[in-house]
Amino acid sequence: MNSIKTTTRAALLLGSLLIGASSALAETVLHRGNAGEPQTLDQAQTSINIESFILKDLYEGLTIYDPAGKVVAGAAESWTVSDDGTVYTFKIRENAKWSDGSPVTAEDFAFSFKRVEDPATASKYANILYPIKNAEKINKGEGKVEDLGVKVIDDRTLEVTLERPTPFFLELLTHQTALPVSKASVEKNGADFVKPGVMVSNGAYKLEAHVPNDSLTVVKNPNHWDAANTKIDKVIFYPIDDQAASVRRFEAKEMDIAYNFSADQLDRLRKSYGDQVHVSPALATYYYTFDTREAPYNDVRVRRALSMAVDRDFLANEIYSGSQLPAYSLVPPGMGSYGEPAKADFAKMSQLDREDEAVKLMKEAGYGEGGKPLSIEIRYNTNPNHERVATAVADMWKTTFGAKVSMVNLDVASHYGYLQEGGKFNVARAGWVADYADAENFLALSVSSNKTFNYSKFNNPEFDALMKKSYDEQDPVARNKILHEAETILMREQPIAPFLTQAELWLVSDRVKGWQDNANNAHLSRFLSVSE
């Protein structure tokens, strides 16, 4: 009997060990290339999409984008809207929890929104929540934080009052700036709340480790309300801004997903990997911005001349292998009810006619051939595509104007950090991906009061007045007309020169299931799975 019991015990123990080993072996890991090191993991300081990919895995807003890029319920299970469109009442899910097991409350969201608008926070994207009553006044130091239009009805009910009806408000709430922070964690840990081992998050994943410029690891959050349907146990983000290295790691099967590969590889990759290559049309614009604070870029003739001399068809077809489209407007096509964007008046001219007109304008301004020498420095973030664009544009400006052109590049975080902090420059590469499907999201970049994203420091009272008028106009047709007038001014003045309507370039392994291309470029890891 004793020997049988011992054998039985041993068998049970062995079985238990095998089950444990099987469980450990069954851990599913997704390896995501992320195109750069995040500047921050603080919702109130974030500004670029490589941060949003991580933050939206860690945190969940009141609303989120589903795999198709549609707005659906997130931490809020439902909401109602008042008849006049100005009061939203959100019901927080009863089973919404933070990663430490504490409940997600309406107070957490109210605290988070107030934190973003508090001038002391210096949030780069505070304008995302400006539709909330008193938000803009508070953020500009003209009101009290406690007067923000958010009201906690009870632990699970949040009431948000807007300044005016904002049809895209639910989309705004999907933005990383509108993600909640745990009030308890921020009050206890201060700025350290973003660190591994400290961070408390409410999304499908929680932060396990972060080795700057190497990897960032998130693991499944068992306290997330939908944890049972989250199939991937661990996601490792690799901040690789070297696109060739990123592609090599994908081809070596070291990464399942690679973001932003070099466009000159498009044909080769399609031949080798077929439908694992994704060219996803996006509501996004690739542009150059001029520093209007300094001569000669404070002269509209110089800005227009430089913009006209750029052959956008060459950039789209030769640099990007047809994966991007030539752009003459800041607002991309396909922007909801906005209709056809207001293009620059030289859009229909042939490239040769544009160049002839550009030479005349430059001479009028006193630069170029027979005038002052033109020295231009182009700044761009490290990326082979951006380098090729800069090289091509430099050659066009040298050929057309006899300009002396130099180039300087920084990693993505440093590049945008420099521009956002108001650093002086001549010409800089930038891009904008829609935060929400409305033309205002693009045009607001150039409002003079936009200290973070108005890189050119453009200041035009007529443009500002039209943008302000658009916020007060409730009739959608009349509002779109005002926005078109504003874009017309922007394209006439050319503080920015739109070059391309972008597409997002992804490599997605065929072992990744659930991926859907969408214009919002939203790809939460919780909606994906990995098959061996």
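Just so you know, residue 1 is the first one in the sequence shown, and it goes up from there. Please read all numbers here as calculations on a predicted model, not as lab measurements.
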Open item on the list: Is it the case that the side chains of D435 and H175 hold a donor-acceptor pair, with the cut-off being a distance below 3.5 Å and no angle test?
Closed with: yes
TODO: Could you pull out the closest heavy-atom pair between N383 and N385, with the gap in Å?
DONE: OD1-N, 2.7 Å
Open item on the list: Under a 3.5 Å threshold, yes or no: a donor from one side chain and an acceptor from the other, between S414 and D411?
Closed with: yes
Open item on the list: Would you say D264 and S262 are linked by a side-chain donor-acceptor pair, where the criterion is simply a distance under 3.5 Å?
Closed with: yes
Task: Any donor-acceptor N or O pair under 3.5 Å, side chains Y238, E254 - done: no
Open item on the list: Can you tell whether the side chains of E364 and K360 come within less than 4.0 Å, N to carboxylate O?
Closed with: no
Open item on the list: Side chains of D226 and N229: any donor to acceptor distance under 3.5 Å?
Closed with: yes
Task: Nearest atoms (heavy-atom pairs only) where D233 meets T28 - done: OD2-N, 2.8 Å
Task: Nearest atoms (heavy-atom pairs only) where N221 meets G203 - done: ND2-O, 3.0 Å
TODO: Return the set of residues passing ring pair (Phe, Tyr, Trp, His ring centres under 6.0 Å) with F53 (not counting sequence neighbours), or none when no residue passes.
DONE: Y259, W506
TODO: Would you tell me whether Q502 and Y320 have side-chain atoms, one donor and one acceptor, within less than 3.5 Å of each other?
DONE: no
Task: Single hit among V389, V405, N426, V408 for side chain to side chain contact (heavy atoms under 4.5 Å, CB included) with I378 - done: V405
Task: Gap between atom CD1 of I376 and atom CZ of F401 - 0.5 Å precision - done: 7.5 Å
Open item on the list: Testing the 3.5 Å rule here: is there a donor-acceptor pair between the side chains of N381 and R429?
Closed with: yes
Open item on the list: Between S446 and N454, is there a side-chain donor-acceptor contact under 3.5 Å, judged purely by atom types and distance?
Closed with: no
Task: Flag, side chain of Q324 to backbone of A503, donor-acceptor distance under 3.5 Å - done: yes
TODO: Check for a donor-acceptor pair, side chain of N518 on one end and backbone N or O of Q516 on the other, with a separation under 3.5 Å.
DONE: yes
Open item on the list: Between E51 and T40, do the side chains contain a donor N or O and an acceptor N or O under 3.5 Å apart?
Closed with: no
TODO: Let me know which of H210, E37, R32 forms a side chain to side chain contact (heavy atoms under 4.5 Å, CB included) with F237.
DONE: R32
Open item on the list: One pair to check against side chain to side chain contact (heavy atoms under 4.5 Å, CB included): D438 and R479. What are the steps and the verdict?
Closed with: CA-CA 11 Å; D438 192 272; R479 177 176 176 271; 2.8 Å; yes
Open item on the list: A side-chain contact here means heavy atoms from C-beta on lying under 4.5 Å apart; do L172 and L170 qualify?
Closed with: no
Open item on the list: Can you confirm whether L507 sits close enough to I257 that some side-chain heavy atom of one is under 4.5 Å from a side-chain heavy atom of the other?
Closed with: no
Open item on the list: One pair to check against side chain to side chain contact (heavy atoms under 4.5 Å, CB included): Q39 and I48. What are the steps and the verdict?
Closed with: CA-CA 8 Å; Q39 287 177 274; I48 50 181; 3.9 Å; yes
TODO: Search all heavy atoms of D256 against all heavy atoms of V29 and return the closest pair with its distance.
DONE: OD2-O, 3.8 Å
- [ ] May I ask you to check whether T382 and N409 show a side-chain donor-acceptor distance below 3.5 Å?
- [x] yes
Task: Qualifying residues under ring pair (Phe, Tyr, Trp, His ring centres under 6.0 Å), relative to Y130, sequence neighbours excluded - done: none
Task: Any E487 side-chain heavy atom under 4.5 Å of L330 side chain - done: yes
Task: CD/E369: more than 12 non-hydrogen atoms of other groups inside 6.0 Å - done: no
Open item on the list: By the side chain to side chain donor-acceptor pair (under 3.5 Å) test, which pairs, at least two apart or in different chains, include something from residues 274-286?
Closed with: H278-D517, Y286-H386
For residues 308-318, which side-chain donor-acceptor pairs fall under 3.5 Å, sequence neighbours excluded?
| residue | atom | partner | partner atom | Å |
| --- | --- | --- | --- | --- |
| D311 | OD1 | D313 | N | 3.1 |
| D311 | OD1 | F314 | N | 3.1 |
| R312 | NE | A327 | O | 2.9 |
| R312 | NE | P498 | O | 2.8 |
| R312 | NH1 | S307 | O | 2.8 |
| R312 | NH1 | V310 | O | 3.2 |
| R312 | NH2 | S307 | OG | 2.9 |
| R312 | NH2 | P498 | O | 3.0 |
| N317 | ND2 | D313 | O | 3.1 |

- [ ] Please determine, by modelled atom types, if D464 and S448 share a side-chain donor-acceptor pair under 3.5 angstrom.
- [x] yes
Task: pair S509-K253: side-chain heavy atoms closer than 4.5 Å - done: no
TODO: Would you give the length of the straight line joining atom CG of D299 to atom CG of L361, rounded to the nearest 0.5 angstrom?
DONE: 9.0 Å
Open item on the list: Taking side chain to side chain donor-acceptor pair (under 3.5 Å) as the cut-off, I'd like each qualifying pair that reaches into residues 342-353, sequence neighbours left out, listed once.
Closed with: R304-D345, E340-K343, S350-D353, Q351-R354, Q351-E355
TODO: Could you tell me whether the side chain of S456 and the main chain of T292 form a donor-acceptor pair under 3.5 Å?
DONE: no
Open item on the list: Just checking F168 against Y436, ring centres under 6.0 Å apart?
Closed with: yes
Task: Any side-chain heavy-atom pair of R303 and E493 under 4.5 Å - done: yes
TODO: Would you check, one step at a time, whether the test side-chain hydrogen bond (donor to acceptor under 3.5 Å, both in side chains) holds for E171 with Y65?
DONE: CA-CA 8 Å; E171 285 204 62; Y65 284 124; 2.8 Å; yes
Open item on the list: For a 4.5 angstrom cut-off between non-hydrogen side-chain atoms, does T217 reach V235?
Closed with: no
Open item on the list: Under a 3.5 Å threshold, yes or no: a donor from one side chain and an acceptor from the other, between H224 and E60?
Closed with: yes
Task: Between E440 and Y471, a side-chain donor and acceptor under 3.5 Å - done: yes
TODO: Return the minimal non-hydrogen interatomic distance between Y125 and T46, and the atom names on each side.
DONE: CD1-O, 3.4 Å
Task: Listed partners of H484 passing ring pair (Phe, Tyr, Trp, His ring centres under 6.0 Å), at least two apart - done: Y338
TODO: Would you sort out whether K424 and E294 count as a side chain to side chain contact (heavy atoms under 4.5 Å, CB included), showing the intermediate values?
DONE: CA-CA 8 Å; K424 296 288 182 72; E294 303 284 331; 3.0 Å; yes
Task: Stepwise side-chain hydrogen bond (donor to acceptor under 3.5 Å, both in side chains) check, E251 with Y273 - done: CA-CA 9 Å; E251 293 186 298; Y273 297 99; 3.2 Å; yes
Open item on the list: Assess the residue pair K206 and V219 against the criterion (side chain to side chain contact (heavy atoms under 4.5 Å, CB included)); give the C-alpha distance rounded to whole Å, side-chain angles, the decisive distance to 0.1 Å, and a yes or no.
Closed with: CA-CA 5 Å; K206 56 184 182 178; V219 295; 3.8 Å; yes
Open item on the list: Show the nearest heavy-atom pair for residues F290 and V427, with the distance to one decimal.
Closed with: CD2-CG2, 3.7 Å
Task: Beyond-backbone contact of Y288 with L306, side-chain heavy atoms, under 4.5 angstrom - done: no
